[in-house]
Amino acid sequence: MADLDAALPAQRGRPARRLPTREDRSLRAAYRLCRRTTRVHDPGIYALIQLMPAVLRPPCWALWAAASVLDDLADQRDAEQAERAARVEAWTRALQRNLAAGTSTDPVRHALVDTALRWHLDLSSLQGAMTSTRDDARGRHFTDWAAWRAWCNEEIAPWVDQVRHLFEQAGAPMTLRLDRHKDYEQFVDGAQLTDILTDLSTDLPQGDLLLPQEALDAFPGAEDNLRQGRWSPAAAALIRELTALARQWLTQPAMTKGMHPGAATVLNTAACLMRAQLDAVDAAGPALLTRAPRPSLVTRTRILAPARLRSGLLWSLTSLTVPGPRPPEATAGGPTPAADDTALRTPPPHRDGATPPQIPAGRMPSHVAIIMDGNGRWAQRRGLSRSEGHRAGGTAAHEMVYGALEIGLRHLTLYAFSTENWKRDTDEITTILEEIRRDLDEGPLRDLDVRQRWSGSPERLPEDLVHALRREEHRTSNRTGLTLTVCINYGGRNEIVRTAAALAQAARAGDIDPHLIGEADFTRHLPHPDMPDVDLLWRTGNEQRTSNFLPWHATYAELHFTPGYWPDVDRRDLWQAITEYSRRQRRHGAAPLIAPRQPSTVPFPADATPPTIAGAVPAPTGSASDFAEG
């Protein structure tokens, strides 16, 4: 097969005329099976893969064949739900073992392991999708569109992101406009909704109707009619509404701007094919409940023929990067760090042997947010450049993560670079952003049980930094220890404005009633809807202001200000801040548990010295231009 000849021999780095070994033959057979599986299970996906450069087709077959096998295991009706879920779980665990060994006796896993090792894919990001597939075997029910979208993002997006990583590795990045990340998410939603509508004739007899209750309730009687296999005016109206919604989600022209034209051709063709599929759904009428509709051969040819010509020309003009030989430690059966998260390490101990205090569970904050202030002043007082202060501040940030893990904190948010920080010197800005990028690529947090997230705007940020931030979000999305959110190019007011705009767009689209908008609706449209309220907001650097940091989340936060500069702190300072928090009485507007003492009626002597409040922070002495968030 020409595709395999393009993909495998060159990667092995072997002489072109060397006779194929038994392993070579086994691997080629595995990839051929993946190709057949993809073609039979999803002809549309197979057609799109054929628009890719030859070197990327075998790994894409392996990815989609694996997804198809898992889907089939979850859908097998010869077993009870628990048994099907157990089969999916067993296949997933076997993949983890195979990744560590570097090979597999199962042909689909054999090809997938080879793909992961050759192309340096981190398959741990697929764990959530595999878990979602396992849960699908137990049946699904979605109360509203928000729950449905969360499932889509968990079910499909990780597989698509692996393909994006393949394009990046090959030197033709499928760079999505990350300032329009919502468009990407809606495109994925549109693809999933198209698939669900197409497969109604298969899903309904099995008792599955994978649509949100919110959408079904808008058309009374439609759900009962569909479940009973009856085509009614209500069912027809529901289908028309959903196909129109899917078309809207699939039409995202801004998503491919700035992308390699070959990769853009693949995505644009995918959108055209899915819109043609929706036309077939609309035209099917009652037949939608008895067979899966498909676009005509003429329609498919009209879309695919020019796309093949265009993609063939574009890839012929593109110099692609082909991965080198597989890592020898993997082929020898050694462990691979990407296999799963079982090899996560614990944080290094404190240099002086300090251990965290024992805080009662009911007194522990859930979310601590920190304004890391004073890097520049710390450096200037030592005769160093402000850039050196930011480098030293990175070590303090690592200490905060170590301390948070050791004390059992669930959420930690760090203010690294604000939207106001663009006013600084260009060299200082460059140093800050380069340090962040270096830490993402090779810092000491990569192998800790830390789920990394980013909050902020991609505007003006270097594209490679934005990609690295998104990459780490996906790579660590299934970790269950500390959730670390780093705010980069973040402004609290900007976050509220963007959320209000998203809410207005949802209202305009009819997803929400503007007269019934409440706080919960606003929260759902925030960049990270699951971020809990801040319990403790701590600022270093002898400044006492919150500086546009998390205004929505920090409304009821306990405030903690300390005079030391950020590079001088370590995990013991975090523990001290949490200890002080644990002693405070939080009422959130309620009356105190113990009535306050009545003030004395004896007048305070005019010449008396006011009492000193224990723990009070001295008034700040630095100038306004001296402070630094991050």
Side-chain angles (χ1 to χ4, degrees), residues 346-347 350 354-373 393 396-416 445 448-455 476 479-487 490 492 495 519-520 523 526-541 543-564 566 568-590 592-593 614-617 629-630:
T346 57
H350 187 269
T355 57
Q358 298 297 314
I359 306 292
R363 291 288 183 175
M364 267 290 291
S366 173
H367 184 185
V368 173
I370 307 177
I371 302 175
M372 306 180 292
D373 194 1
H398 299 156
E399 274 289 300
M400 290 306 106
V401 175
Y402 300 154
L405 284 167
E406 289 184 322
I407 203 171
L409 185 65
R410 301 300 301 167
H411 290 266
L412 176 67
T413 301
L414 303 179
Y415 206 1
L445 308 182
L448 299 176
D449 190 11
V450 176
R451 177 191 179 199
Q452 296 190 45
R453 300 202 300 189
W454 164 48
S455 189
T476 63
R479 297 185 181 177
T480 57
L482 172 70
T483 295
L484 171 66
T485 304
V486 182
C487 294
Y490 173 89
E495 179 180 65
E519 290 186 11
T523 299
L526 285 164
H528 295 298
D530 59 338
M531 177 184 282
D533 285 348
V534 175
D535 297 310
L536 174 63
L537 193 154
W538 170 26
R539 180 175 187 147
T540 62
E543 302 287 354
Q544 299 184 38
R545 55 180 174 269
T546 58
S547 296
N548 200 19
F549 184 41
L550 299 176
W552 179 266
H553 301 86
T555 304
Y556 286 103
E558 295 292 321
L559 304 180
H560 180 67
F561 301 107
T562 54
W566 178 248
D568 285 329
V569 306
D570 68 11
R571 68 190 81 177
R572 293 173 299 184
D573 296 280
L574 173 66
W575 297 340
Q576 177 58 41
I578 291 175
T579 300
E580 180 175 323
Y581 167 89
S582 71
R583 296 171 181 151
R584 298 187 184 182
Q585 183 181 6
R586 308 192 73 204
R587 298 192 298 272
H588 296 283
L593 298 178
V617 179
E629 285 86 54

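Starting from 1, each residue takes its place in the sequence as its number.
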Within a strict 4.5 Å, meaning less than it, do heavy atoms of the [X] and [Y] side chains meet?
X: I578; Y: M364; answer: yes
X: W566; Y: D373; answer: no
X: T476; Y: V450; answer: no
X: L412; Y: M400; answer: yes
X: R572; Y: T355; answer: no

Spacing of [atom1] belonging to [X] relative to [atom2] belonging to [Y], to within rounding of 0.5 Å:
X: L409; Y: I359; atom1: CG; atom2: CD1; value: 11.5 Å
X: L537; Y: T555; atom1: CG; atom2: OG1; value: 11.0 Å
X: M531; Y: S366; atom1: CE; atom2: OG; value: 11.0 Å

Exercise for the section: Indicate whether the side chain of W454 and that of T485 have a donor and an acceptor atom separated by less than 3.5 Å. Expected result: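 No.
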Problem - Between R539 and T562: side-chain donor-acceptor atoms closer than 3.5 Å - result: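 Distance-only check fails for R539 and T562.
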Exercise for the section: Kindly write out the residues that satisfy side-chain hydrogen bond (donor to acceptor under 3.5 Å, both in side chains) with R410, not counting sequence neighbours, or none if the list is empty. Expected result: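 If we apply the side-chain hydrogen bond (donor to acceptor under 3.5 Å, both in side chains) test to R410, skipping adjacent residues, there are no hits.
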Handout entry: Non-hydrogen atoms of L550 and V534 that approach each other most closely
Key =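 Smallest interatomic distance, heavy atoms only, reads CD1-CG2, 3.8 Å.
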Practice task
Please answer whether the main-chain N or O of G492 pairs with a side-chain N or O of N548 as donor and acceptor at a distance below 3.5 Å.
Solution key: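 Judged by distance alone, yes, a pair lies under 3.5 Å.
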Handout entry: With sequence neighbours excluded, residues passing ring-ring contact (aromatic ring centres under 6.0 Å, His included) with H367
Key =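 Only H411 meet the ring-ring contact (aromatic ring centres under 6.0 Å, His included) criterion with H367.
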